[in-house]
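Have a look at the structure below, then the notes.
In this text the structure is predicted, and so the values were computed from the model without any measurement. Every heavy atom of this structure was used, including side-chain atoms; hydrogens, water molecules and symmetry mates were not. The chains referred to below are lettered A, B, ... by the order of the sequence lines, with proteins before strands, and numbering in each begins at 1.
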Protein chains: 2
Amino acid sequence: MSTAFKTAPPFSHRTVAASAADAIRRKIFDGELKDGEPLRQDLLAAEFGISRTPIREALVQLEAEGLIRIEPHKGAVVREASVADIEEIFELRHLLEPVLLERSAPSLAAADFDHIEAILDEYSAELRNHNVKRWGELNTLFHTALYAKAERPQIRAIVDKLLTASDRYTRLQLLHTDGLKRAEKEHAEIVTLCRKRKFAAAADVLRSHILVVKASLLDFVARRG
Amino acid sequence: MSTAFKTAPPFSHRTVAASAADAIRRKIFDGELKDGEPLRQDLLAAEFGISRTPIREALVQLEAEGLIRIEPHKGAVVREASVADIEEIFELRHLLEPVLLERSAPSLAAADFDHIEAILDEYSAELRNHNVKRWGELNTLFHTALYAKAERPQIRAIVDKLLTASDRYTRLQLLHTDGLKRAEKEHAEIVTLCRKRKFAAAADVLRSHILVVKASLLDFVARRG
DNA sequence: CGATTGAATATTGTATAAAATCGACGACCT
DNA sequence: AGGTCGTCGATTTTATACAATATTCAATCG
């Protein structure tokens with residue numbers, strides 16, 4: 001099984017450690033590594049055919065991203081998220097994403113909106129296919145495309161982390177279909193309002209959209225918990 | 001010259017790498033390592049009397065914190081903050097800190113307020129001594145003490161990073177005295193309002209306080225730039 | 001004289017080996 | 001029986017050795 005960084009050309013201007021971080025991150029998002037599961041340096045190094053040194057660097061990186069937890073001399077485990085964590089993630093999104101939208105949307109060109117709507121079209125298609133994994137990716141793509149012109153790199157970095165974290169739960173099929181349909185409508189509404197340059201209104205819809213998704217997620221967790 | 005982690009007892013439940021990160025972080029905050037200055041692994045390892053491996057981990061950690069920048073095969077440099085970066089830091093503080101205050105303040109006990117006011121007293125004393133370094137520490141302490149009961153660990157983590165980043169500039173003597181005096185008054189006002197359980201009003205003062213500090217900082221930068 | 005190429009050197013990135021730490025199991029004492 | 005201490009194996013952490021990459025600077029060519 002070839003991994004991403006093995007197939008990359010030798011001219012790749014990235015370190016092995018960075019690629020290893022990508023590979024491990026993907027394994028976590030794909031559920032290949034479940035919550036609480038220990039990440040043994042030996043095994044990861046052997047699996048990727050590299051030594052433990054870059055693995056260690058990758059783990060430090062992933063801990064900073066909040067994906068894993070490292071305890072000295074005990075090792076790294078995939079960080080399980082509590083209900084409180086999920087609530088906080090969406091609280092942050094609720095605070096930050098509208099800011100990005102209002103900064104970015106006025107600078108988006110017609111071509112940008114076309115691109116965004118193409119994402120939404122594929123989203124709708126995948127919705128019918130129940131392809132949750134791809135849906136999550138598209139959802140993240142949609143949000144980041146909206147914020148592309150915000151010129152707030154630090155806020156962007158935080159929001160990107162939050163989006164991937166959210167994605168982790170949605171990929172676990174934590175959302176039910178009516179929630180997804182509602183999201184579909186709200187996404188379209190946001191784009192429409194932005195095209196009409198009603199940015200404040202779009203931000204309002206975004207705010208309530210995030211609250212709805214949050215409620216939907218927490219409702220699902222409550223049902224099964 | 002002994003470093004923090006060398007004097008620590010051998011039972012310290014921290015890794016050498018983590019302590020090295022602390023030491024390097026301190027060097028940056030204290031201005032011992034200036035903006036744009038390269039961090040050579042060799043020298044740091046020799047200085048701390050350890051090998052390069054834990055130094056590398058510390059650097060990865062510090063990059064994740066946004067303090068340095070690492071380019072493959074070129075090395076790490078202290079990240080210089082642009083005016084835009086400073087603006088964004090304060091924009092984030094303006095967004096997030098009032099949320100923490102409103103969450104935390106209702107849970108603060110009388111003893112907590114006493115503690116906070118003790119910090120402010122020392123702050124005032126140091127203000128007369130023009131001890132900028134200690135002032136910065138106390139300022140950060142004041143804010144974090146206010147948010148102690150917020151129970152929002154992720155937001156706290158972000159704000160803590162923002163506060164230390166802000167501290168870096170204030171330590172560089174970037175604030176003039178009248179700004180500091182004004183901050184002194186606003187801090188006291190926030191505490192007073194919280195004691196009276198007027199939390200929303202306190203949050204408003206905090207918001208304008210952050211904006212004032214931001215303006216003061218940018219004004220100073222503009223003057224010298 | 002300026003631009004360019006290529007070896008020498010400095011520095012980072014990775015692999016491997018050594019040291020330190022933790023958890024568990026079992027012997028021993030009370 | 002219950003609890004404590006010490007040893008062993010597994011694992012992480014650090015050190016050292018080696019490889020890859022970038023930078024410097026002098027020699028060469030136009």
Side-chain angles (χ1 to χ4, degrees), chain A residues 2-25 27-28 33-34 36-64 67-79, chain B residues 2-25 27-28 33-34 36-64 67-79:
Chain A
S2 78
T3 55
F5 64 91
K6 273 200 158 179
T7 58
F11 310 118
S12 165
H13 281 292
R14 309 194 62 217
T15 66
V16 173
S19 307
D22 294 343
I24 298 172
R25 197 183 294 109
K27 282 170 95 71
I28 294 173
L33 292 168
K34 293 169 196 168
E37 190 162 331
L39 300 171
R40 284 216 1 240
Q41 303 174 359
D42 276 355
L43 299 184
L44 290 169
E47 179 176 351
F48 298 151
I50 61 178
S51 84
R52 293 210 319 266
T53 311
I55 294 286
R56 286 183 59 80
E57 281 184 33
L59 293 180
V60 171
Q61 173 73 33
L62 293 174
E63 184 183 37
L67 273 155
I68 67 176
R69 214 160 29 87
I70 300 179
E71 284 214 62
H73 295 106
K74 299 183 81 174
V77 297
V78 180
R79 222 179 86 160
Chain B
S2 78
T3 55
F5 63 93
K6 273 198 156 181
T7 59
F11 309 119
S12 165
H13 282 290
R14 306 196 64 215
T15 65
V16 172
S19 306
D22 293 343
I24 298 171
R25 197 183 294 110
K27 281 170 97 69
I28 294 173
L33 293 167
K34 292 167 194 166
E37 189 163 331
L39 301 169
R40 286 216 359 242
Q41 303 174 358
D42 275 357
L43 299 184
L44 290 170
E47 179 176 351
F48 299 151
I50 61 177
S51 84
R52 273 176 40 217
T53 312
I55 294 287
R56 287 183 58 82
E57 277 185 39
L59 293 179
V60 171
Q61 172 75 30
L62 293 173
E63 183 183 38
L67 272 153
I68 67 176
R69 216 159 28 85
I70 300 179
E71 284 215 63
H73 293 106
K74 299 184 85 176
V77 297
V78 179
R79 225 179 82 161

Could you tell me whether the side chain of A:Leu62 reaches within less than 4.5 Å of the side chain of A:Arg25, counting heavy atoms only?
yes
With side chains defined as the heavy atoms from C-beta onward, is the minimum distance between B:Leu59 and B:Ile24 less than 4.5 Å?
yes
Any idea which of D:dT14, C:dC22, C:dG13 is nearest the A:His73 side chain?
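Of the candidates, C:dC22 comes closest.
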Pair A:Lys27 + A:Glu37, salt bridge at N-O below 4.0 Å:
no
Could you tell me whether A:Arg52 contacts a base, only the sugar-phosphate backbone, or nothing, with contacts defined as non-hydrogen atoms closer than 4.0 Å?
base
Which part of the nucleic acid, if any, lies within contact of B:Leu39, taking any heavy atom under 4.0 Å across all strands shown: a base, the sugar-phosphate backbone alone, or nothing?
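Sugar-phosphate, backbone atoms only, no base.
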[X] has an atom [atom1]; how far is it from atom [atom2] of [N], in whole Å?
X: B:Ile70; N: C:dT11; atom1: CD1; atom2: P; answer: 17 Å
X: A:Phe48; N: C:dG13; atom1: CZ; atom2: P; answer: 20 Å
X: A:Arg14; N: D:dT21; atom1: CZ; atom2: P; answer: 15 Å
X: A:Arg56; N: D:dT12; atom1: CZ; atom2: C1'; answer: 6 Å
X: A:Ile55; N: C:dG13; atom1: CD1; atom2: C1'; answer: 14 Å
X: A:Glu57; N: C:dG13; atom1: CD; atom2: C1'; answer: 8 Å
X: B:Arg40; N: D:dT23; atom1: CZ; atom2: P; answer: 14 Å
X: B:Gln41; N: C:dT14; atom1: CD; atom2: C1'; answer: 12 Å

For DNA chain C, whose closest nucleotide is more 5', that of A:Thr53 or that of B:Lys74?
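The answer here is B:Lys74.
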B:Ala76 and B:Ile68: which non-hydrogen atoms are nearest, and at how many Å?
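Shortest heavy-atom contact: CB-CD1, 3.9 Å.
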